[in-house]
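To keep things clear, I will list the structure first and then write my remarks on it.
When a ligand or atom number is given, it counts from 1 through the structure's own listing order.
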Amino acid sequence: MSAQPPSSATTSSAEMVTALVRLREALAGVALPLDVPGAEQHRKTRGEMVDQLEDYVLPRLIQIEAPLLTVVGGSTGAGKSTLVNSLVGRRVTEPGVLRPTTRSPVLVHNPADVDWFDKERILPGLARTPRATGDPGALQLVASDNVPEGLAILDAPDIDSVEERNRVLAAELLAAADLWLFVTSAARYADQVPWEFLKAAADRSTAVAIVLDRTPPDAVAEVSGHLARMLTARGLRDSPLFAVVEAAVDEDGLLAPEHVQEIRSWLGSLAADSTARAAVVKQTLDGAVRSLSRRTHDIADAAGDQLTMATRLREDVDRAYDEAIEKIDDASADGSLLRGEVLARWQEFVGTGELFRNLETKVGWLRDRVVGWVRGKPMQAERVTVAVESGLETLILEHAETAAERAEASWRSVQAGHHLLEDSGRDLGRASRDFRQRAERSVRDWQHGVLEMVRTEGADKRTTARFLAFGVNGLSVALMIVVFAHTAGVSGAEVGIAGGSAVVGQKLLEAVFGDQAVRRLAAAARQDLNERVTVLMDEERTRYLEVLDGLGIDAGDVDSLRAVSRRVDDLRFRDSGRVFETAAAEGEDA
Ligand SMILES: Nc1nc2c(ncn2[C@@H]2O[C@H](COP(=O)(O)OP(=O)(O)OP(=O)(O)O)[C@@H](O)[C@H]2O)c(=O)[nH]1
Ligand SMILES: [Mg+2]
């Protein structure tokens with residue numbers, strides 16, 4: 001072939017090829033993993049679209065002069081294989097009594113056209129074979145002089161097969177056809193499945209010819225009249241309709257040539273007329289591209305539904321864990337930790353008795369005296385630390401369990417979340433196995449941090465009698481107690497036993513560091529605890545979020561799908577405008 005400067009037509013088709021390759025990538029790349037309503041259908045549609053782009057649209061666009069591929073499709077036992085054999089004039093594909101018969105597609109072409117049908121060019125998913133294999137993953141190629149150059153005939157499996165593999169393959173082959181030779185029989189022509197296919201063909205303006213096969217001679221007029229009306233009503237008025245009467249087959253299973261003569265000569269004249277052939281190809285190809293671009297918006301909608309569901313599932317998790325963090329923060333400051341062991345050990349440390357009897361009336365006076373009353377006892381300070389550690393751990397653990405349960409329950413309440421939990425293979429409804437250990441470490445680190453805070457704050461006070469009286473340990477447990485009563489309104493008349501205990505801590509610290517410093521230290525210690533709890537909970541939250549992130553749902557998918565579809569449409573409109581301009585220019589010349 002001699003090199004030619006690219007004409008505007010080849011430039012435009014090159015742009016269209018690029019746009020369709022992008023469309024293929026965008027479709028293949030979009031993640032539709034969540035089981036939202038309609039997802040299964042959308043995944044199927046997406047698969048068919050990708051297949052059609054690879055099997056037919058792209059190869060056809062790149063090799064616009066390739067032979068016209070006629071796919072013979074229809075219901076099981078309609079007589080497709082018999083028809084193909086009769087058209088070719090010899091037994092190239094097995095007809096049969098057992099249904100379904102044809103499992104492996106057979107493509108019959110003129111010997112001169114052989115190069116057009118290798119695997120690199122069309123239907124790349126099917127291995128090529130020169131002989132019958134019965135393998136649905138193989139395409140048998142048969143060369144025959146009885147098939148005109150420029151036109152090939154493919155015998156497909158049944159569209160309504162009991163075998164799914166057959167149905168899927170039949171649909172894939174029809175999607176790769178330039179022309180459908182759709183075979184139905186007098187007995188079956190009103191069936192639903194064939195009409196679903198024909199409707200899809202009409203929607204996509206696929207070129208279709210109908211063969212009404214195996215019709216008793218005396219019923220031909222009536223049945224074909226009825227069928228013609230059905231075709232008209234379903235948007236296929238322009239499709240040629242051929243009737244083949246029920247006649248005996250010879251020992252090779254072939255019908256006498258005169259019975260298929262009409263179809264044969266129609267196909268022959270189509271093959272001979274390059275303009276007519278190009279028109280058929282263009283009709284089907286344009287229809288396929290238009291339909292692909294339209295359906296891309298459905299897939300974009302589906303991608304949007306995925307995103308909405310993923311967002312909802314993410315919010316479920318965030319709500320559960322944010323609430324856990326908030327509740328722990330509340331509970332660690334509203335006095336609720338000043339109970340049980342913590343309270344008992346603290347009281348042991350600071351002593352009770354007279355101090356508390358005087359509290360209500362003598363809060364102001366207390367500050368100066370408290371140091372005198374309370375005796376720092378290192379052993380007891382240590383016990384308070386241990387009690388605080390276990391109280392905090394229990395609090396954190398409880399909320400981690402609750403958050404895990406809540407997140408799981410809200411996922412379980414929708415099918416998409418339910419399946420995600422099943423597929424994750426993890427027990428997300430409980431806190432992580434090592435959570436207790438991590439919580440312990442975290443609480444101890446916090447306590448250590450509090451100790452450091454007190455140590456730093458007291459750097460220049462280390463030698464004062466008050467500081468020495470309680471030591472860093474005693475003052476830091478006091479600070480923890482103050483944190484635990486931070487929001488409890490512990491002052492003056494509101495004090496209860498627990499509050500009273502906190503007041504002692506407060507006064508003690510104030511006596512050493514001053515009011516302002518105590519407020520600052522308590523706020524910092526509380527903040528530090530909150531940060532550590534947040535880290536712990538975020539690690540727990542991540543288990544769920546990893547499941548979501550692993551799905552590959554990309555917020556950009558919706559827009560990129562719509563953008564590639566628009567690009568295809570723009571090129572379609574521009575190209576159809578160009579055809580129109582060319583036609584107009586030709587009109588002027590004439
Ligand atoms: N007498 C007669 N028998 C026919 C005719 N067409 C098909 N048959 C018989 O009907 C049976 C099925 O025909 P096939 O050509 O295998 O049908 P098919 O549509 O290819 O069937 P599948 O491959 O299963 O989808 C075979 O036994 C054929 O011999 C016909 O026009 N006349
Ligand atoms: Mg068959």
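Near G79, meaning under 4.0 Å from any of its heavy atoms, are these atoms of ligand 1: 6 (N), 7 (C), 13 (O), 14 (P), 15 (O), 17 (O), 18 (P), 19 (O). Residue K80 approaches ligand 1 through these ligand atoms, each under 4.0 Å from one of its heavy atoms: 15 (O), 17 (O), 18 (P), 19 (O), 20 (O), 21 (O), 22 (P), 25 (O). In the vicinity of D158, heavy-atom distances shorter than 4.0 Å reach the ligand 1 atoms 25 (O). Contact atoms of ligand 1 toward P95: 15 (O), 16 (O) (distance under 4.0 Å to a heavy atom of the residue).
The shortest contact between atom 24 (O) of ligand 1 and any protein heavy atom is with T101 N, 2.8 Å. In terms of protein heavy-atom proximity, atom 10 (O) of ligand 1 is closest to R214 NH1, 2.8 Å. Among all protein heavy atoms, the one lying closest to atom 21 (O) of ligand 1 is G77 N, 3.1 Å. At the top of the distance list for atom 29 (O) of ligand 1, counting protein heavy atoms only, stands T82 OG1, 4.0 Å. Ranking protein heavy atoms by distance to atom 31 (O) of ligand 1, first place goes to L255 CD2, 3.4 Å. Nearest to atom 27 (O) of ligand 1 among the protein's heavy atoms is G96 O, 3.4 Å.
For the Mg ion (ligand 2), the count of nearby protein N/O/S atoms, taking only those under 2.8 Å, is 2.
Of the possible polar contacts, none joining the S161 side chain to the D158 backbone as a donor-acceptor pair under 3.5 Å is found. Side-chain atoms of S565 come within 3.5 Å of backbone N or O of S293 as a donor-acceptor pair.
Ion pairing of R543 with E546 is absent here, as no side-chain N (NZ or NE/NH1/NH2) approaches a carboxylate O to less than 4.0 Å. Under a 4.0 Å N-O distance rule, the pair K44/E48 qualifies as a salt bridge. Salt-bridge formation is not detected for the pair D318/R314: no Lys NZ or Arg NE/NH1/NH2 atom is positioned less than 4.0 Å from an Asp or Glu carboxylate oxygen. A salt bridge does not link K282 with D178: none of the charged nitrogens is closer than 4.0 Å to a carboxylate oxygen. E422 and R412 are joined by a salt bridge, as a carboxylate oxygen and a charged side-chain nitrogen come within less than 4.0 angstrom of each other. Between R188 and D160, at least one side-chain nitrogen of the basic residue sits less than 4.0 Å from a carboxylate oxygen of the acidic one, meeting the salt-bridge criterion. Note on R128 versus D118: no salt bridge recorded, every NZ/NE/NH1/NH2 to OD/OE distance being 4.0 Å or above.
Shown here is Q261, whose CD atom has more than 12 heavy atoms of other residues, nucleotides or ligands within 6.0 Å.
Of the heavy atoms in L83, none comes closer than 4.0 Å to ligand 1. Contacts of E246 with ligand 1, taken as heavy-atom pairs under 4.0 Å, involve the side chain alone.
Distances between N or O atoms of A78 and those of ligand 1 include at least one value under 3.5 Å.
The aromatic ring centroids of W411 and Y544 lie less than 6.0 Å from each other.
When side chains are defined from C-beta on, V414 counts as touching M309, because their heavy atoms get closer than 4.5 Å.
The distance from the CG atom of D570 to the CD atom of E15 is 11.0 Å, given to the nearest 0.5 Å.
The shortest heavy-atom distance from A247 to ligand 1 is under 4.0 Å.
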